[in-house]
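Nothing fancy with the numbering, it's 1 onward along the sequence. For clarity, every value in this text was computed on a predicted model and none was experimentally measured.
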Amino acid sequence: MLLYILRRVLSAISVVIVTLVASFALFFFAPTDPAGVICGPKCTPERLADIEKSLDLDKPAVEQIASYMKGLVVGREYTSGGVTQHCSAPCMGYSYTLGQPVTKLLAQALPVTISIVIGGAVVYLTVGILTGTIAAQVRGTSLDKITVGATLVIASFPYFVFALLVALYATFLPPSGWTPFTENPWAWALGLVAAWLCVGVTNAASYTRYSRASMIESLGQDFVRTATSKGISRRRVVYRHGLRAALTPVATIFGIDLAFQLTGAIFTESIFGLPGLGLLTLRAFGQYDLPVLMGGVLVGSVVLVVMNLVVDIAYTVLDPRVRLG
């Protein structure tokens, strides 16, 4: 297990490095003038030169990438307006438009996105797995057909349309807003209720279908029939034996979904006015704030490779038949 994890970690690091180099090339070597875009129409030559120096655009391409990588590991010096500052590792540069370190901006935005995604995940996993398990046990009945039909109707709605409808008409919900958990846990939860509802309901439809299909297959396996023949209660057979095996494919989908939701909660954050990672990246794109964009790419790539590793390890916990290769 330890050797497998070590191999996957090394592989993940290589994936992140390749992603960073490719993203750096796309953003910094695009057929545009990043410094000119940031500086604006009334740009002076002095300010343009200062922006180019602060973003290392006055250096060769290899030196730019090397400087960025060095900053991630040991930190680097940053010059703006003739003032040199030290940026501690992991240094992702400074936002020229906001005048703050990218790491500070990400540290402020990431808890918002994590709160939205984790809270929504609790809702859709609980509702989806429970509803799917019940539907599998009554397969072919009216209750099963109603459940499947309802999930198809919900899944047919584009997410942003559903979120807009909730924002406009669900006036009975607490107003959306962000309060750090450490300041006021109750206000933190109330401000995220609407976002959790949207993420939870829309994804619960898919997880109901996943859980139902997986549970139907699991309940038809030999080990379930053997457990039933031994006189074990139906409830225990379903929820202790069948459900554990059925969760394996669901865990795979959940791990990948969670990673993509962490890096793609932009609709939720924009509609409900929550200052998360998606909203930060969108604003950075509009302002051509390259260091912030690169920071978002770095966080997204790390999240994706880590979640892939977690999913593979979770396989062996949920299903003993799975062996790591």
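A 4.5 Å side-chain heavy-atom check between W178 and P180 finds at least one atom pair inside the cut-off. Residues V292 and L105 form a side-chain contact, since some pair of their non-hydrogen atoms from C-beta on lies under 4.5 Å apart. Counting heavy atoms from C-beta on, the side chains of S142 and K145 never come closer than 4.5 Å. No side-chain heavy atom of F272 sits less than 4.5 Å from a side-chain heavy atom of L192. Residues P275 and Q108 form no side-chain contact, since every pair of their non-hydrogen atoms from C-beta on lies 4.5 Å or further apart. Counting only heavy atoms from C-beta outward, the side chains of V201 and V123 never approach each other to under 4.5 Å. Within the 4.5 Å cutoff, the side chain of Y68 has heavy atoms near those of the L20 side chain. Contact check for T19 versus V297: side-chain heavy atoms found under the 4.5 Å cut-off.
No hydrogens or angles considered: nothing links the side chains of Q137 and D144 as a donor-acceptor pair under 3.5 Å. In the model, T268 has a side-chain atom that pairs as donor or acceptor with a side-chain atom of Y159 under 3.5 Å.
The two atoms that bring T281 and G296 nearest to each other are OG1-CA, 4.4 Å, heavy atoms only. Shortest non-hydrogen contact noted between C91 and G75 is CB-CA, 4.2 Å. For S95 against L98, the heavy-atom pair with the smallest separation is OG-N, 3.1 Å. In terms of heavy atoms, A135 sits closest to R212 at CB-CD, 4.0 Å. Closest of all the heavy-atom pairs between P90 and T103 is O-CG2, 2.8 Å. Smallest separation of non-hydrogen atoms from I266 and G278: CD1-O, 3.6 Å.
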**Request:** Please report the C-alpha distance between L125 and F254 in whole Å, then the side-chain angles of each, then the deciding distance to 0.1 Å, and finally whether the side chain to side chain contact (heavy atoms under 4.5 Å, CB included) criterion is met.
**Result:** CA-CA 9 Å; L125 283 178; F254 171 66; 3.6 Å; yes
**Prompt:** Under the side chain to side chain contact (heavy atoms under 4.5 Å, CB included) criterion, do T208 and T147 qualify, and how do the steps go?
**Reply:** CA-CA 8 Å; T208 297; T147 301; 3.8 Å; yes
**Request:** Would you sort out whether V117 and V199 count as a side chain to side chain contact (heavy atoms under 4.5 Å, CB included), showing the intermediate values?
**Result:** CA-CA 7 Å; V117 173; V199 175; over 6 Å; no
**Request:** Would you please test L277 and V112 for side chain to side chain contact (heavy atoms under 4.5 Å, CB included) and show each step?
**Result:** CA-CA 8 Å; L277 184 62; V112 182; over 6 Å; no
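How far CD of Q261 is from CD1 of I118: 9.0 Å, rounded to the nearest 0.5 Å. We find the CG-CZ distance between L164 and F157 to be 12.0 Å, quoted to the nearest 0.5 Å. Distance check: I271 CD1 to L168 CG gives 9.0 Å after rounding to the nearest 0.5 Å. Separation of atoms CZ (F267) and OG1 (T202) is listed at 12.0 Å; rounding is to 0.5 Å. Separating the CG atom in L110 from the CG atom in L262 is a distance of 7.5 Å, to the nearest 0.5 Å. Taking CD1 of I17 as the start and CD1 of I13 as the end, the distance is 7.0 Å to the nearest 0.5 Å.
Hydrophobic clustering (side-chain heavy atoms under 4.5 Å, transitive across Ile, Leu, Val, Met, Phe, Trp, Tyr) groups I253 together with V305. Criterion: ILVMFWY side-chain heavy atoms under 4.5 Å apart, direct or through other members. Under it, V73 and V302 are not part of a common hydrophobic cluster. Linking Ile, Leu, Val, Met, Phe, Trp and Tyr residues whenever their side-chain heavy atoms come within less than 4.5 Å places Y124 and V161 in a single cluster. Residue L106 is grouped with residue I114 when hydrophobic side chains (ILVMFWY) are merged at heavy-atom distances under 4.5 angstrom, including chains of intermediate members. At a threshold of 4.5 Å between side-chain heavy atoms, the hydrophobic network of Ile, Leu, Val, Met, Phe, Trp and Tyr places F172 and L190 in two separate groups.
With T151 contributing its side chain and V148 its backbone, the two residues share a donor-acceptor pair below 3.5 Å. For the pair S156 (side chain) and V153 (backbone), a donor-acceptor distance under 3.5 Å is present. Judged by distance alone, with hydrogens and angles left aside, the side-chain atoms of T141 form a donor-acceptor pair with the main-chain N or O of V138 at under 3.5 Å. Side chain of S301 to backbone of L298: a donor-acceptor contact under 3.5 angstrom is found. Formation of a donor-acceptor pair under 3.5 Å by the S115 side chain with backbone atoms of P111 is found in this model. Although no hydrogens or angles enter the test, the distance criterion places a donor-acceptor pair under 3.5 Å between the side chain of T133 and the main chain of I129.
Counting heavy-atom neighbours within 6.0 Å of F162 CZ, excluding the residue itself, gives a total above 12. Annotation: Q100, atom CD; neighbour count of heavy atoms from other residues, nucleotides and ligands within 6.0 Å is above 12. Heavy atoms of other residues, nucleotides or ligands lying less than 6.0 angstrom from CZ of R283 number 12 at most.
Taking the six-membered ring wherever Trp is involved, the centroid distance between the rings of Y210 and Y207 falls below 6.0 Å.
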